[in-house]
Number of protein chains: 2
Amino acid sequence: MKVTITDVAKKANVSKSTVSRIMNGNFDQNTEETVNRVLKVIEELDYRPNALARSLKLTKTNVIGIVLSNLQNPFWASVLEGAEEACQSHGYNLMICNSNNNGEIEKEHLRSFEMKQIDGLMINPTSKNLDTYKKMVDNDFPFISINRKIYGLDAHVITVDNVKGAKMATTHLIRQGRRKIAIFLYQVEGISPRLERLQGYKLALIENGIDIDPSLILMVDEKKGEIAKAVQKVFSADNIPDAIFSTSSMMTLEILEGISQTKYNIPKDVALIGYDETVWSKHLFPPLSTIWQPAFEMGGLAAKKLIEMIETKKPKEVLPKVISLDPQLIKRESCGEAQKGGVVLE
Amino acid sequence: MKVTITDVAKKANVSKSTVSRIMNGNFDQNTEETVNRVLKVIEELDYRPNALARSLKLTKTNVIGIVLSNLQNPFWASVLEGAEEACQSHGYNLMICNSNNNGEIEKEHLRSFEMKQIDGLMINPTSKNLDTYKKMVDNDFPFISINRKIYGLDAHVITVDNVKGAKMATTHLIRQGRRKIAIFLYQVEGISPRLERLQGYKLALIENGIDIDPSLILMVDEKKGEIAKAVQKVFSADNIPDAIFSTSSMMTLEILEGISQTKYNIPKDVALIGYDETVWSKHLFPPLSTIWQPAFEMGGLAAKKLIEMIETKKPKEVLPKVISLDPQLIKRESCGEAQKGGVVLE
DNA sequence: TTGAAAGCGCTAACAG
DNA sequence: CTGTTAGCGCTTTCAA
């Protein structure tokens with residue numbers, strides 16, 4: 001049924017080796033006449049080499065695995081697109097799976113990927129399978145972490161500078177005259193962007209001589225409705241914030257909704273800035289200030305680096321191990337100063 | 001280096017066949033003693049079968065390919081998540097690629113997928129490679145089209161009823177008292193959802209005794225800025241619409257922006273309804289009425305159907321060939337009637 | 001310049 | 001109940 005290299009060889013009256021050579025572009029090892037004849041047969045038979053057999057022999061699949069945790073978040077959709085584009089242009093295919101931030105599921109996926117003999121792995125790690133990550137790195141398996149650092153493991157990682165981003169956001173609020181700045185965070189759980197955004201927030205306050213008020217640090221569960229609760233709580237407390245720093249784009253929408261159910265007004269009573277610029281940020285009411293992250297670029301860089309690690313066969317020698325990209329502040333009306341003409345990059 | 005079935009066999013003092021049988025769960029073909037011994041060695045050696053070798057032998061990879069065109073669009077992100085989840089729960093891996101709606105790129109991806117011996121394909125087809133799709137279907141290769149029908153090809157397809165959705169949207173506008181309803185569409189180019197949404201729009205008008213005004217049918221290029229131009233054009237023409245039906249979520253944001261630059265007000269002067277409910281719809285100003293589509297479900301169903309086609313080995317006998325899911329109307333303030341309490345499903 | 005043969009790691013008759 | 005063997009489709013030495 002399917003046409004194999006043997007079929008081509010027979011029809012062209014040559015051996016499989018010859019076909020193989022020609023398929024792989026070693027034209028100068030054969031007479032022009034044979035080359036043309038074989039090429040013609042390949043065309044006629046519409047022969048496509050079985051990548052499985054080839055990979056088995058070469059122990060190289062040209063497949064890269066990527067495990068992400070939330071494609072609803074446009075940040076990750078962009079990362080994926082960036083990674084896909086880079087893979088494609090370098091001749092690799094992408095095998096994707098979704099961990100949903102669940103360590104068990106992640107572990108299974110990694111196992112499955114390994115059996116499928118992927119050439120390398122890009123991951124937004126749950127951070128719950130340190131031993132597994134470590135084994136890969138130790139075994140010189142090409143591995144790169146995207147967005148999250150893995151504490152206690154000297155792995156390749158590419159992130160956006162979260163301390164910087166959070167500092168920019170918080171500082172912007174301070175410059176707009178706000179002092180009682182609340183931060184909304186998902187439970188930190190040792191996840192580096194969360195830790196670092198909190199740190200950036202604190203640094204900005206300290207640098208500006210503002211005391212850190214623990215009641216303004218809102219750690220919420222990722223469960224539905226938790227954010228609304230937190231908003232309600234903070235606005236019925238003694239110390240009502242005059243600004244909110246939301247550390248995730250999905251969270252921001254819920255905060256907006258929560259605030260709309262209070263008597264407080266954005267930005268008059270409370271300024272709001274969100275992490276992650278999105279297509280909808282500027283269309284919110286009021287238009288939302290955000291921290292933009294180079295997501296597409298990050299995905300692309302991660303893929304390129306991984307491919308370099310794969311192709312040099314010396315993952316550990318591909319430097320630098322840590323790449324940290326720069327975020328940007330996008331100022332809009334939600335922080336209190338109507339920017340005529342819309343966006344202002346700092 | 002890597003541990004193979006031979007290593008396990010040697011260490012357990014059995015043949016490869018025995019190990020293979022046990023790996024595949026045929027426990028009753030061996031004495032309990034052997035089974036345990038082999039299992040123990042497998043564990044000790046941390047043996048993971050090479051899926052490449054297995055697939056080569058079995059001509060079955062448990063890999064499904066998916067080609068999409070735009071992950072930025074949350075609709076597709078949801079489809080992908082749905083598909084991924086179904087694959088995962090049925091023991092399949094997903095290989096993903098992005099055609100960017102480009103026929104050439106799509107063709108290359110399909111070729112690459114074929115060589116990688118994927119078991120089946122889900123695709124949002126560009127519709128530019130009819131011959132390729134046809135060959136797959138004719139060869140009994142498991143193939144399913146998502147969201148777009150492929151005219152002239154009797155392939156499996158799963159869509160959301162676009163005529164119905166567009167009719168619901170348009171009818172809603174009419175019921176709100178609007179008569180001069182404009183529709184914004186990307187160039188149709190034989191793409192079924194676009195054709196059908198236009199058709200649904202027309203049907204609604206006809207059923208309500210409203211003449212179709214060609215000047216209110218705005219076909220725009222997918223290039224940046226084209227929508228803004230179209231908005232400007234329509235609002236400086238003689239026949240200014242009192243409602244707009246936007247047929248894509250990204251488009252809607254641009255229309256909103258365009259309108260904000262006119263003197264017209266939503267919903268007072270012009271009502272707006274968008275295709276595709278998104279996380280941000282209800283946070284726009286004013287909150288946007290939309291047509292919701294079961295994207296996650298569609299992805300999941302497509303994957304399950306494909307898997308059935310794969311596993312029965314009789315793709316053509318898996319019925320029905322065409323699945324059409326139902327959209328829903330979500331009413332919000334952008335169409336002119338403030339809905340207290342927010343969402344109202346019809 | 002070309003071919004024969006071995007082997008990548010696995011499965012599945014078939015035989016015992 | 002278990003082992004021997006052939007072979008999936010390819011690449012690559014080695015020899016001619």
Side-chain angles (χ1 to χ4, degrees), chain A residues 1-39 41-42 45-63 91 111-119, chain B residues 1-39 41-42 45-63 91 111-119:
Chain A
M1 189 76 260
K2 279 228 164 179
V3 22
T4 73
I5 198 172
T6 312
D7 302 324
V8 177
K10 274 189 192 145
K11 180 149 183 195
N13 267 312
V14 293
S15 70
K16 293 189 293 174
S17 335
T18 301
V19 178
S20 175
R21 284 187 198 106
I22 291 171
M23 272 305 297
N24 291 299
N26 298 327
F27 295 133
D28 32 337
Q29 294 191 39
N30 298 84
T31 54
E32 208 180 312
E33 200 259 309
T34 345
V35 171
N36 288 142
R37 184 154 37 96
V38 172
L39 250 25
V41 173
I42 286 173
L45 262 36
D46 193 25
Y47 167 62
R48 289 115 195 268
N50 181 325
L52 245 34
R54 187 158 204 274
S55 294
L56 177 59
K57 181 73 200 175
L58 299 180
T59 57
K60 173 95 166 48
T61 53
N62 276 43
V63 173
R111 198 184 149 80
S112 163
F113 274 171
E114 191 181 349
M115 298 199 303
K116 293 235 154 91
Q117 313 296 121
I118 59 169
D119 289 339
Chain B
M1 192 74 263
K2 280 228 163 178
V3 20
T4 74
I5 198 172
T6 312
D7 302 324
V8 177
K10 273 190 192 145
K11 182 149 182 195
N13 267 312
V14 293
S15 70
K16 292 190 294 174
S17 338
T18 300
V19 179
S20 175
R21 283 186 200 105
I22 292 171
M23 271 304 297
N24 291 299
N26 299 324
F27 293 133
D28 31 337
Q29 294 191 39
N30 298 84
T31 55
E32 209 181 313
E33 200 260 309
T34 336
V35 171
N36 288 142
R37 185 154 36 95
V38 171
L39 250 25
V41 174
I42 287 172
L45 261 36
D46 193 24
Y47 167 62
R48 289 115 194 267
N50 181 327
L52 246 34
R54 187 157 202 275
S55 295
L56 177 60
K57 180 72 199 176
L58 299 180
T59 57
K60 172 95 164 49
T61 53
N62 275 44
V63 173
R111 198 185 149 80
S112 163
F113 274 172
E114 190 181 349
M115 297 199 305
K116 292 233 155 91
Q117 314 296 122
I118 60 168
D119 289 341

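Letters go in sequence order (proteins before strands), and every chain restarts at 1.
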**Request:** Using whole Å, report how far CD of A:Gln29 lies from P of D:dT11.
**Result:** 13 Å
**Request:** Take atom CZ of A:Arg54 and atom P of D:dT12, then tell me their distance rounded to the nearest Å.
**Result:** 8 Å
**Prompt:** Any idea which heavy atoms bring A:Thr4 and A:Asp7 closest together, and the distance?
**Reply:** N-OD2, 2.7 Å
**Fill in**
Comparing nearest nucleotides in DNA chain D, the 5'-proximal residue of the pair B:Ser15, A:Ile5 is B:Ser15
**Message:** Please compare B:Leu56 and B:Ser17 by the position of their nearest nucleotide in DNA chain C and report the one closer to 5'.
**Reply:** B:Leu56
**Message:** Taking any heavy-atom pair under 4.0 Å as a contact, classify B:Leu58: base, sugar-phosphate, or nothing.
**Reply:** sugar-phosphate
**Message:** Rounded to whole Å, how long is the line connecting atom NZ of A:Lys16 with atom C1' of C:dG3?
**Reply:** 11 Å
**Nearest listed nucleotide, side chain of B:Thr31, among D:dT2, D:dT12, C:dT2** = D:dT2
**Asked** Rounding to a whole Å, what distance do you find between A:Ile22:CD1 and D:dT12:P?
**Response** 15 Å
**Prompt:** Under 4.0 Å between a side-chain N or O of A:Thr18 and OP1 or OP2 of C:dG3?
**Reply:** yes
**Asked** Under 4.0 Å between a side-chain N/O of A:Thr34 and OP1 or OP2 of C:dT2, yes or no?
**Response** yes
**Prompt:** Between A:Arg37 and A:Thr34, is any pair of side-chain heavy atoms under 4.5 Å apart?
**Reply:** yes
**Item:** Distance in angstrom units between B:Arg37 CZ and D:dC1 P, rounded
**Value:** 14 Å
**Message:** For a quick check of understanding: with a heavy-atom distance under 4.0 Å over all strands, which category does A:Asp7 fall into, base, sugar-phosphate or nothing?
**Reply:** nothing
**Request:** For D:dT11, take OP1 and OP2 only and decide whether either is under 4.0 Å from a side-chain N or O of A:Asn24.
**Result:** yes
**Message:** Could you check whether any side-chain heavy atom of A:Thr18 comes within less than 4.5 Å of a side-chain heavy atom of A:Arg21, counting everything from C-beta outward?
**Reply:** yes
**Request:** Of all the heavy-atom pairs spanning B:Ser15 and B:Ala9, show the shortest one and how long it is.
**Result:** C-CB, 3.8 Å
**Nearest atoms (heavy-atom pairs only) where B:Lys116 meets B:Thr61** = O-CG2, 4.0 Å
**Message:** Distance check needed: C:dT2 P versus A:Phe27 CZ, whole Å only.
**Reply:** 13 Å
**Request:** Please report, rounded to the nearest Å, how far the C1' atom of C:dT11 is from the CG atom of A:Leu52.
**Result:** 14 Å
**Complete:** Between CD of A:Glu114 and P of C:dG9 the distance, given in whole Å, is 14 Å
**Message:** Whether A:Asn30 contacts C:dT2 is assessed here as follows: a side-chain N or O lying under 4.0 Å from the phosphate OP1 or OP2. Is that the case?
**Reply:** yes
**Complete:** Winner on side-chain proximity to B:Thr4, out of D:dG3, C:dG9, C:dA6, is C:dG9
**Prompt:** Quick one: the side chain of B:Arg21 and the base of D:dG3, do they pair up donor-acceptor inside 3.5 Å?
**Reply:** yes
**Fill in**
Per atom distances to the A:Ser20 side chain, the nearest of D:dT12, D:dT2, C:dG3 is D:dT12
**Asked** For B:Asp28, which contact category applies under a 4.0 Å heavy-atom criterion: base, sugar-phosphate, or nothing?
**Response** sugar-phosphate
**Message:** Could you tell me if the side chain of B:Gln117 sits less than 4.5 Å from the side chain of B:Ser55, heavy atoms only?
**Reply:** no
**Prompt:** Taking atom types as they are modelled, is there a donor-acceptor pair under 3.5 Å from the base of D:dG9 to the side chain of A:Lys57?
**Reply:** no
